[in-house]
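In what follows, every chain begins at residue 1, and chains take the letters A, B, ... in the order their sequences are listed.
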There are 2 protein chains.
Amino acid sequence: MLDRQDRQLLEWLQGDAGLSVGDLAEKVGMSKSACWRRIQKLEESGVIRQRVTLLDPEKLNLPLTVYISIRTNQHNDQWSEQFREVLADIPEILEVHRMSGDLDYLIKAVVTDMPGYDRLYRQIIRANLSDVSASFVMETMKHTTALPLTHLPTV
Amino acid sequence: MLDRQDRQLLEWLQGDAGLSVGDLAEKVGMSKSACWRRIQKLEESGVIRQRVTLLDPEKLNLPLTVYISIRTNQHNDQWSEQFREVLADIPEILEVHRMSGDLDYLIKAVVTDMPGYDRLYRQIIRANLSDVSASFVMETMKHTTALPLTHLPTV
DNA sequence: GTCTTATTTGAAATTATATTTCGATAGTGG
DNA sequence: CCACTATCGAAATATAATTTCAAATAAGAC
């Protein structure tokens, strides 16, 4: 069970993984050692998954984000597993979700430009897909990795 | 311009923001101080955006991810700006993109369950939207924040 | 080529931070 | 009230970040 202080720590850490234990301790009002142990526990328990560095896609020559919707007529496990492995190895592909509803998979990818998208497209359709359609991101109006902590059971 | 060593540093840091300068220095084969300065420059130049902590949605009672597609008949700047502000303040909403093609906006959100989605839906449709449809994530097959460094101009 | 200048480097010193230790405190069940 | 357990804070120790400075390297200018 996560108490108020754990939540506060998580709130701060979601925004900045580089904060020192000392800073955090001050922010949530406890000693450094208590704070440090809290963080350890949050890591051990898996609430904290990992600490990552986010880069600027534009600066990496990846200004175009695309969502690719896929329908397939292949629905067996073996095909699905192979599809997963292919996509896992393509670094431009950031997310792959199996979806409810009329589309089967939704993919998020980053590319340099339209020719870049076309190269990606050609890789993907090697699998047996009945329908592939792309929507391009014109403008990202919000983008955060911070999850709300408001749905936890009350202490 | 990012040379081989910068790229290697970024590669490692994307995977783990918690690596020490010493470890990184060893991995890419340079001294600690050189390594430290490289990282500073990458931060100053904005290639490194931020370091964040990723949490486990399930452990936060947010097992359901949903993509919400929106069409609207409102296309003026003022409406758009207001829409943005409303969405920015809803913590369950992680991403909002203005899209090309037949849908206007694509939203990614996390919720506890279907009633949770319904509450979110009701908040969103307060805006003047002509069409809102949801697709739920059954299974996330890939999810990374690491961008490919393979599209940078060669040194 | 070689001189000059501006960058970048590595080792060592310094400063700051993470981690451990240990005794004190507070809550729990019997 | 006592024994037990979990948590705490302050201080000690171990690691790591940051700065300093002299040497090495790269980039032009001629």
Side-chain angles (χ1 to χ4, degrees), chain A residues 1-56 58-61 145-147 149-155, chain B residues 1-56 58-61 145-147 149-155:
Chain A
M1 182 84 359
L2 304 175
D3 66 15
R4 208 176 107 69
Q5 292 184 310
D6 288 320
R7 293 174 198 218
Q8 282 187 283
L9 286 175
L10 291 173
E11 201 71 81
W12 284 106
L13 284 171
Q14 285 197 104
D16 184 355
L19 288 168
S20 73
V21 175
D23 288 348
L24 286 165
E26 197 177 338
K27 285 177 192 303
V28 311
M30 64 176 127
S31 73
K32 285 194 296 175
S33 33
C35 182
W36 182 83
R37 282 179 298 237
R38 294 291 189 113
I39 296 168
Q40 292 302 310
K41 279 202 181 171
L42 291 167
E43 282 173 352
E44 281 163 27
S45 68
V47 174
I48 290 178
R49 267 253 182 81
Q50 58 175 165
R51 296 169 188 234
V52 301
T53 304
L54 303 181
L55 309 183
D56 183 337
E58 311 249 340
K59 296 237 161 67
L60 302 179
N61 193 27
T145 55
L147 302 174
L149 305 177
T150 46
H151 295 268
L152 290 162
T154 25
V155 183
Chain B
M1 183 84 358
L2 303 175
D3 67 14
R4 210 175 105 69
Q5 293 184 310
D6 288 320
R7 293 173 198 219
Q8 282 187 284
L9 286 176
L10 291 174
E11 202 71 81
W12 284 105
L13 283 172
Q14 284 196 104
D16 184 355
L19 288 168
S20 74
V21 175
D23 288 348
L24 287 165
E26 197 176 340
K27 286 177 192 300
V28 311
M30 63 175 127
S31 73
K32 284 193 297 174
S33 34
C35 182
W36 182 83
R37 281 179 297 238
R38 293 291 189 115
I39 295 167
Q40 292 301 310
K41 278 201 182 171
L42 290 167
E43 284 173 351
E44 280 163 28
S45 69
V47 175
I48 290 178
R49 267 254 183 80
Q50 56 175 165
R51 295 166 188 237
V52 301
T53 305
L54 303 181
L55 309 184
D56 184 339
E58 310 249 339
K59 296 237 161 67
L60 301 179
N61 193 27
T145 55
L147 302 174
L149 304 176
T150 47
H151 296 269
L152 288 162
T154 25
V155 184

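Of all heavy-atom pairs between Val21(B) and Cys35(B), the closest is O-SG, 3.8 Å. Taking both residues in full, the closest heavy atoms of Ile39(A) and Arg51(A) are given as CG2-NH2, 3.5 Å, listed atom of the first, atom of the second, then distance.
The interatomic distance linking Lys27(B) (NZ) with dA16(D) (C1') rounds to 16 Å, in whole Å. Atom P of nucleotide dT20(C) and atom CZ of Arg38(A) are separated by 18 Å, given to the nearest angstrom. Between the CG atom of Leu24(A) and the C1' atom of dT17(C) there is a distance of 12 Å, given to the nearest Å. Taking atom CG on Asp3(A) and atom P on dG27(C), their separation rounds to 13 Å, with Å as the unit. When rounded to the nearest whole Å, the span between CE of Met1(B) and P of dT8(C) equals 13 Å. If you measure from atom CD of Glu26(A) to atom C1' of dT17(C), you get 14 Å, rounded to the nearest angstrom. With rounding to whole Å, Leu19(B) atom CG is found 10 Å from dA17(D) atom P. Residue Met30(B) contributes atom CE, which lies 18 Å from atom C1' of dA23(D) at whole-angstrom precision.
The side chain of Lys32(B) sits closest to dA17(D) out of dG9(D), dC8(D), dA17(D). For Trp36(B), counting side-chain heavy atoms from C-beta on, the closest listed nucleotide (dT19(D), dG10(C), dC8(D)) is dT19(D). For Ala34(B), the listed nucleotide lying nearest its side chain is dT9(C); candidates were dT18(D), dT9(C), dG9(D). Nearest nucleotide to the Arg37(A) side chain, out of dC8(D), dA16(D), dG10(C): dC8(D). For Val21(B), the side-chain atoms get nearest to dA17(D) when compared with the rest of dA17(D), dC8(D), dG9(D). Of the candidate nucleotides dA18(C), dT18(D), dA16(D), dA18(C) has the atom nearest to the side chain of Ser20(A).
Among the heavy atoms of the strands lying under 4.0 Å from Ser33(A) is at least one base atom, whether or not backbone atoms are also near.
Taking 4.5 Å as the limit, every side-chain heavy atom of Leu60(A) sits out of range of all side-chain heavy atoms of His151(B).
Around the CD atom of Glu26(A), the shell of radius 6.0 Å holds no more than 12 heavy atoms that belong to other residues, nucleotides or ligands.
If Gln5(B) and Gly18(A) are placed on DNA chain C by their nearest nucleotide, the residue sitting closer to the 5' end is Gln5(B).
Taking side-chain N and O atoms only, Lys41(B) has a distance below 4.0 Å to OP1 or OP2 of dT8(C).
Panel note: side chain Gln50(B), backbone Asp16(A); no donor-acceptor pair is recorded below 3.5 Å.
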